[in-house]
Amino acid sequence: MTAVATTTTVRPTGRRPSVGRMAAWAVMAAIVLITLLPFYWILRTALSTNTALAAHPGDPLPAGLTTGGFERALGLQSTKEAIAQGGAGGGLKFWRYLLNSVVVSTLITVCQIFFSSMAAYAFARLKWRGRDKVFGLFLAGLMVPAIFTLLPNFVLIKELHLVDTLLGIALPTMFMTPFAVFFLRQFFMNVPREVEEAALLDGAGKIRIFFRVMLPMAATPVLTLGVLTYITSWNDYFWPLMVSYSDSSRVLTVALAIFRAQTPQTGYDWSGLMAATLIAALPMLVLFGFFARRIVSTISFTGIK
Amino acid sequence: MTIASSSPPPSLPLSGAEGVLNGTKTRGRRAREEQGDARLAALFVAPAMLGFLVFLLWPTLRGIYLSFTRYNLLTPAQWVGLDNYVRMVHDPIFWDSLKVTVEYVVINIGVQTAAALAIAVLLQRLTQSAVLRGIVLTPYLMSNVVAGVVWLWILDTQLGIGNQIIGALGFGHIPFLADENWAIPTIALINVWRHVGYTALLLFAGLMAIPNDVYEAAKVDGASEWRMFWRITMPLLRPVLAVVLIMTVIGSFQVFDTVAVTTAGGPANATNVLQYYIYGAAFGRFQFGYASAMSVALLVVLSAITFIQYRLTRAGQSDLG
């Protein structure tokens, strides 16, 4: 998120900032503040102790600076220690959940983007009978809201004996989403025919063309779609909540909700909760930090989704 | 609009499968190429097709079937005809949860659309900084669960910084998530916080399609920013706005995560949104048939709303060009 790519601005030259312009900037500043302050507040709370938080709730700096919250969230404290610091003392294995989240999100993203781009290429660039009808069917799939397929999909996953497995969480979105196919097809359609024809003349087969020419050309949309898919599957809560019952398949979102529900008698363990929140959110912030510029410009120029 | 022209002309003697069966060798290069294409296409579409059939089409049909059965996961589904639907119509909690959901959607979509539009226009007219666009998108990186927990803390009646500020301004503490009247608006606004940046970027994409010289010309004529917004931006953005609206309304109806984490449907069913009620019926009481019937109802409601929105907003038509 470092380098600024300010494209052609419509700023009127040589005019002094008007009152309206300054008011507009003030609104923009307020928006940025509302957007970012909660992030600071997470960090500030995570580094505080619960007793100091109760005494200084409005203090802008961490109250009673400590890493106890993180130790509690990661299960590094003994039960006695945790309860003394205002935690519930229940065992949570955040490392395990973190790993589960990584496995599920990676599996979904890699497979979904790979299979969807293959299908998208077939829909955009190969000639076959019934192509438009099949694509129409895929498009109709866009209309079915996720909530509708969740219950029957749970029944199916149960019949496949995949409840409480990472594969069970990943399977329904691993092969495709209508949107991914639709979005990538749109891109492949816009690649000039000449590119393909030149490769054909060089004696390359269509499979080779797809992997060596088309896919690399689609690097930016594929990357953007990939990162967004990763974020979406990382943040998913409802489906993993249905499918996973134990630590073996529990992902971070579900674990966080459980951590939140383990309220000790004394009230919420806010510093532990915020530390856990940060652990759950940090990987996506880092991932976004790496690709922010490309993603932001892809969304804001193509209106992805 | 040109559906007819995009399908291949029927006179062409191609079709991969037939060609393979006939084994005819007297075909031109093009036909052979298309035959190869068909085989490759089958290979390329197969995995996505598998996913589509098994995890999208089949569950959709099955969901409809299950809505006519009594099913608790343990014993085979038992056909009960319209029983679940009759029960639904007479279930006051169902109607309440539908009402709560609509209330949520209206607040969520109303505020989110207005705010996203404001942000998008500010991003377009004030600065096109990629950094600002990145900042606006950051809450979208959080899960609903994280957003819910964070705002639960900020809005905590005793210790939350939100209530501290309100207290410092001389107002009493507001039990945002514990009060029947505050809970739904609060959850709606939490989700606005998380999603508004993404929606703003979609609208921003629409704004970028409006040629700059339209604004320049208006400026030469002495039009104010306000006038340009209503006379240029709004009319030209309409098709994009319409599509974004349809998408966000559908998404908004499926609210679950934030409710589950913050209020769990309470206080006194005040935030018992439809999807939460469906989840409770399925996994709390193992009434999968009844839960499926309510899902079908939600699907019907969503389809109707999409259709009406599409018509009202003339989403398919553009004023540009």
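Note that the structure is a prediction, hence the values are computed from the model and not measured.
The NZ atom of K206(A) lies 13.0 Å from the CZ atom of R39(B); values are rounded to the nearest 0.5 Å. Expressed to the nearest 0.5 Å, how far CD1 of I147(A) lies from CD of Q254(B) amounts to 6.0 Å.
Put simply, the side chain of F44(B) does not reach to within 4.5 Å of the side chain of F115(A), judged on heavy atoms. Between T149(A) and R62(B) there is no side-chain heavy-atom pair separated by less than 4.5 Å. When side chains are defined from C-beta on, W128(A) does not count as touching D37(B), because their heavy atoms never get closer than 4.5 Å. Residues I299(A) and L137(B) form a side-chain contact, since some pair of their non-hydrogen atoms from C-beta on lies under 4.5 Å apart. You'll find the side chain of W270(A) reaches within 4.5 Å of the side chain of D156(B), heavy atoms only. Looking at heavy atoms from C-beta onward, L73(B) lies in side-chain contact with V155(A) at the 4.5 angstrom threshold. Within the 4.5 Å cutoff, the side chain of F135(A) has no heavy atoms near those of the V45(B) side chain. Counting heavy atoms from C-beta outward, F283(B) and F154(A) have side chains that approach closer than 4.5 Å.
Per-residue heavy-atom pair counts under 4.5 Å with chain A were compared for L298(B), D257(B), L302(B), and the maximum is reached by D257(B). Ranking L203(B), L40(B), V121(B), V296(B) against chain A, the residue ahead of the rest is L40(B), based on heavy-atom pairs under 4.5 Å. The candidate from V32(A), L126(A), I34(A) with the greatest count of non-hydrogen atom pairs under 4.5 Å with chain B is L126(A). The candidate with the highest count of non-hydrogen atom pairs below 4.5 Å against chain A, out of A48(B), S295(B), A120(B), is A48(B). When each of L56(B), I161(B), N163(B) is scored by its heavy-atom pairs under 4.5 Å with chain A, the top score falls to I161(B). Between chain A and the options L152(B), L43(B), V54(B), heavy-atom pairs under 4.5 Å are most frequent for L152(B). For the options A122(A), A257(A), P145(A), A276(A), heavy-atom pairs under 4.5 Å to chain B are most numerous at P145(A). Put simply, of S116(A), A54(A), S297(A), P178(A), the one with the most heavy-atom pairs under 4.5 Å next to chain B is A54(A). No other option in L171(A), V181(A), T173(A), L37(A) has as many heavy-atom pairs under 4.5 Å with chain B as L171(A).
For I42(A), the part lying under 4.5 angstrom from a heavy atom of chain B is the side chain only. Interface remark: R294(A) contributes no atoms to any contact with chain B (heavy atom separation under 4.5 Å). I207(A) touches chain B through backbone and side chain together, each having a heavy atom under 4.5 Å away. For L285(A), the parts lying near chain B are the backbone and the side chain together; criterion is any non-hydrogen pair under 4.5 Å. The part of T262(B) that comes within reach of chain A is its backbone (N, CA, C, O), which places non-hydrogen atoms under 4.5 angstrom from that chain. When heavy atoms are compared at a cutoff of 4.5 Å, E159(A) approaches chain B solely by way of its side chain, counted from C-beta outward. Contact annotation for A260(B): only side-chain heavy atoms (C-beta onward) come within less than 4.5 Å of a heavy atom of chain A. Interface remark: I231(A) contributes side-chain atoms only to the contact with chain B (heavy atom separation under 4.5 Å). Looking at M274(A), the atoms closer than 4.5 Å to chain B (heavy atoms on both sides) all sit in the side chain, from C-beta outward. Both the backbone and the side chain of M118(A) come within contact range of chain B, each with at least one heavy atom under 4.5 Å from a heavy atom of that chain. In this structure, the portion of L36(A) lying under 4.5 Å from any heavy atom of chain B is its side chain and not its backbone. Heavy-atom distances place no part of W226(B) under 4.5 Å from chain A, backbone and side chain included. Interface remark: A146(A) contributes backbone and side-chain atoms alike to the contact with chain B (heavy atom separation under 4.5 Å). Both the backbone and the side chain of M242(A) come within contact range of chain B, each with at least one heavy atom under 4.5 Å from a heavy atom of that chain.
The closest side-chain donor-acceptor pair between W153(B) and T45(A) falls under 3.5 angstrom.
Aromatic ring centres of F138(A) and F52(B) lie closer together than 6.0 Å.
Although no hydrogens or angles enter the test, the distance criterion places a donor-acceptor pair under 3.5 Å between the side chain of R260(A) and the main chain of V261(B).
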field: Stepwise side-chain contact (heavy atoms from CB on, under 4.5 Å) test for L122(B) and V27(A)
entry: CA-CA 9 Å; L122(B) 284 175; V27(A) 173; 3.8 Å; yes
task: Show your reasoning for whether ring-ring contact (aromatic ring centres under 6.0 Å, His included) applies to F238(A) and Y279(B).
output: CA-CA 9 Å; F238(A) 196 23; Y279(B) 176 77; 5.5 Å; yes
task: Would you sort out whether M49(B) and V134(A) count as a side-chain contact (heavy atoms from CB on, under 4.5 Å), showing the intermediate values?
output: CA-CA 9 Å; M49(B) 198 58 175; V134(A) 176; 4.2 Å; yes
field: Evaluation steps, side-chain contact (heavy atoms from CB on, under 4.5 Å), between V145(B) and L252(A)
entry: CA-CA 10 Å; V145(B) 175; L252(A) 269 176; over 6 Å; no
message: Working note: R194(B) + N235(A), criterion side-chain contact (heavy atoms from CB on, under 4.5 Å); need CA distance, chi angles, decisive distance, verdict.
response: CA-CA 12 Å; R194(B) 172 158 133 71; N235(A) 288 340; 4.1 Å; yes
